[in-house]
Amino acid sequence: MTANILKIVCGLVYVVIVCVNAAPSTKLPKGFIQCKQSDPNFDTCLMTGVQSAIPHLAKGVPSLGILKMDPLRIDKLLIDQGSGPVSIKLDFKNLDIGNLKSIVIDKIHFNPEGNNVDIELHPLKPIVMDGDYEISGKVLILPIVGKGRCKINIDVSNLIGNIKLKTVLKNGNKHLEIVNISWTFTASKLNLKFDNLFNGDKALGDNMNVFLNENWRELLIELKPAIEEVFGTAFKEIGQQFFNPKGFVQCKLSDPAISECMRNELQRATPYLSKGIPSLGLLPTDPLRISSLTIDKGIGGVNLKFKDLDILNMRSTIIKDLTFDPKNFTLNVAIVVQKPIILEGQYETNGRVIILPINGNGTCKFTLDNYKSFSVVKMKPVLKNGNTHLEVKSLDFKFTTSKMHLIMNNLFNGDKILGDNMNLFLNENWMELLNDMQPAFEKALSVAFISIAQEFFNRIPLNQIFID
């Protein structure tokens with residue numbers, strides 16, 4: 001948890017430092033202070049800037065691509081202490097860490113020559129960890145096993161950290177890379193509560209929780225090296241996202257291997273794209289929310305309108321092939337999605353499906369197995385407000401699937417018998433249904449994807465996408 005305190009601070013240190021050599025016109029978000037490296041009181045300015053920005057960072061800073069950090073959600077964290085008086089395997093999931101906004105910066109020193117950051121801090125309130133746990137092993141002389149909810153409060157009286165960085169050149173741009181992180185902390189109190197220990201045996205569970213809290217000092221002494229190592233590794237990965245923003249590396253337009261560069265970098269960026277990058281104007285792609293989508297087959301066909309349609313599992317995308325023509329700005333890309341594509345949302349339909357009439361409105365779910373797609377995107381450079389941007393001229397999109405499953409709730413005004421029979425008919429005849437609807441479906445999705453892509457290109461000029 002202490003490394004996540006460092007995460008906030010290091011992120012802020014980077015934000016302030018990165019603006020030191022920026023042009024005078026560079027603007028930071030409200031609440032951030034820009035320091036000049038030539039200032040003899042640079043460290044004082046830096047400490048003030050970091051302290052004043054902590055409340056904003058805790059709430060999240062979309063323009064910098066920083067999500068809310070109080071509470072800070074960690075999806076998964078494993079502490080594996082294999083030997084000694086405390087030998088446990090403790091696996092956390094969906095861990096929320098609170099009260100990070102109460103951090104007080106006591107001292108910061110930045111050495112620009114060695115790219116070192118030394119920092120001291122303490123939180124005014126206990127750091128609270130809330131989430132799911134699974135534990136097995138031995139604590140001092142007692143065995144322990146359990147799985148359920150947990151809550152851990154720790155009073156951190158002092159934290160001292162050192163972050164060593166180095167400058168690296170990537171595709172002609174300078175980036176900071178974390179070389180090493182060392183840190184130590186002092187705790188004045190630790191309180192733990194593990195629910196459902198020993199398969200829910202209340203007497204054993206209550207006694208174990210009492211034992212842990214009575215012996216918290218011995219427990220912390222044994223676990224401290226493992227805690228520092230695990231959180232240090234996690235912080236290094238998290239911190240690197242600040243210094244190599246969003247996992248993106250620009251490709252050179254003049255590079256003969258630009259297609260390979262783009263394929264590699266897009267594949268590497270897929271996890272970041274799935275979460276969304278507010279600073280680049282990119283909404284999350286998993287799930288990808290499409291506000292409105294209309295499939296109109298006209299007379300003799302089916303009319304189908306979607307609202308708030310979420311497309312899930314795009315994060316499992318594998319880019320099988322990609323070619324890019326830098327002269328004509330034409331992109332060809334083929335993808336395979338490893339997990340079934342799921343479309344969930346609101347629908348409204350009327351018309352005829354094959355030979356049967358259909359009408360209804362409600363929630364729906366479509367699942368596409370072994371999804372593959374091929375897209376051709378044609379773009380052109382245009383001048384906007386003195387900067388060159390890309391404009392999408394057309395997007396041709398085709399997809400295939402080995403199986404489609406679907407369920408549409410509330411068909412025929414909620415008539416369950418008619419609705420169940422129609423859903424059964426649709427799934428038994430999914431191939432004929434898809435063949436009939438696919439051209440209109442692909443056209444509607446192409447329009448939606450053009451809108452999403454153009455929003456990104458409107459915000460990001462060409463020279464920030466490619467290197468000339």
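Treat the numbers as computed from the prediction; the structure is a model and nothing was measured.
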Between Phe366 and Phe306, what is the ring plane arrangement, given parallel below 30°, perpendicular above 60°, and tilted in between?
-> perpendicular

Is the Phe449 ring parallel, tilted or perpendicular to the Phe397 ring (thresholds 30°, 60°)?
-> perpendicular

Side chains of [X] and [Y]: donor-acceptor distance under 3.5 Å anywhere?
X	Y	result
Asn116	His109	no
Asp325	Asn328	yes
Lys193	Asn213	no
Asn458	His389	no

Hey, what do you get for [atom1] ([X]) to [atom2] ([Y]), rounding to the nearest 0.5 Å?
X	Y	atom1	atom2	result
Asp195	Tyr133	CG	OH	7.0 Å
Met129	Ile97	CE	CD1	5.0 Å
Ser274	Arg315	OG	CZ	4.5 Å
Ile119	Ile163	CD1	CD1	6.5 Å
Leu462	Lys384	CG	NZ	12.5 Å
Glu442	Lys398	CD	NZ	4.5 Å

To check you understand the geometry: which heavy-atom pair defines the closest contact between [X] and [Y], and what is its length?
X	Y	answer
Pro143	Phe198	O-CZ, 3.5 Å
Lys372	Val336	CG-CG2, 3.9 Å
Asn99	Ser102	O-OG, 2.8 Å
Leu390	Phe457	O-CB, 3.2 Å
Ile311	Asp286	O-OD1, 4.2 Å
Gln267	Thr317	NE2-O, 3.0 Å

Report yes if some heavy atom in the side chain of [X] is under 4.5 Å from a heavy atom in the side chain of [Y]; otherwise report no.
X	Y	answer
Ile290	Leu343	no
Ile88	Val139	yes
Phe374	Asp321	no
Thr330	Val377	no
Ile54	Ile105	yes
Asn313	Tyr371	no
Asn463	Thr388	no
Pro55	Lys101	no

Would you indicate whether Asn199, at its atom CG, is surrounded by more than 12 heavy atoms from other residues, nucleotides or ligands within a distance under 6.0 Å?
-> no

Got more than 12 heavy atoms from elsewhere within 6.0 Å of NZ, Lys403?
-> yes

Under the side chain to side chain contact (heavy atoms under 4.5 Å, CB included) criterion, do Leu445 and Leu293 qualify, and how do the steps go?
-> CA-CA 8 Å; Leu445 282 174; Leu293 188 71; 3.9 Å; yes

Decide side chain to side chain contact (heavy atoms under 4.5 Å, CB included) for Leu95 and Asp130; before the verdict, give the C-alpha distance in whole Å, the side-chain angles of both, and the deciding distance to 0.1 Å.
-> CA-CA 6 Å; Leu95 193 65; Asp130 226 332; 6.0 Å; no

Decide yes or no on salt bridge (Lys or Arg N to Asp or Glu O under 4.0 Å) for Asp80 and Lys89, but give the supporting numbers first.
-> CA-CA 5 Å; Asp80 195 348; Lys89 185 175 182 180; 5.3 Å; no

When you look at Asn370 and Thr401, which way does the side chain to side chain contact (heavy atoms under 4.5 Å, CB included) test go after all the steps?
-> CA-CA 5 Å; Asn370 299 311; Thr401 179; 5.6 Å; no

Salt bridge Arg289-Asp308, side-chain N to carboxylate O under 4.0 Å | yes

Apply the test side chain to side chain donor-acceptor pair (under 3.5 Å) to residues Asn158 and Thr186: give CA-CA distance (whole Å), side-chain angles for both, the deciding distance (0.1 Å), then the verdict.
-> CA-CA 5 Å; Asn158 180 254; Thr186 304; 4.7 Å; no

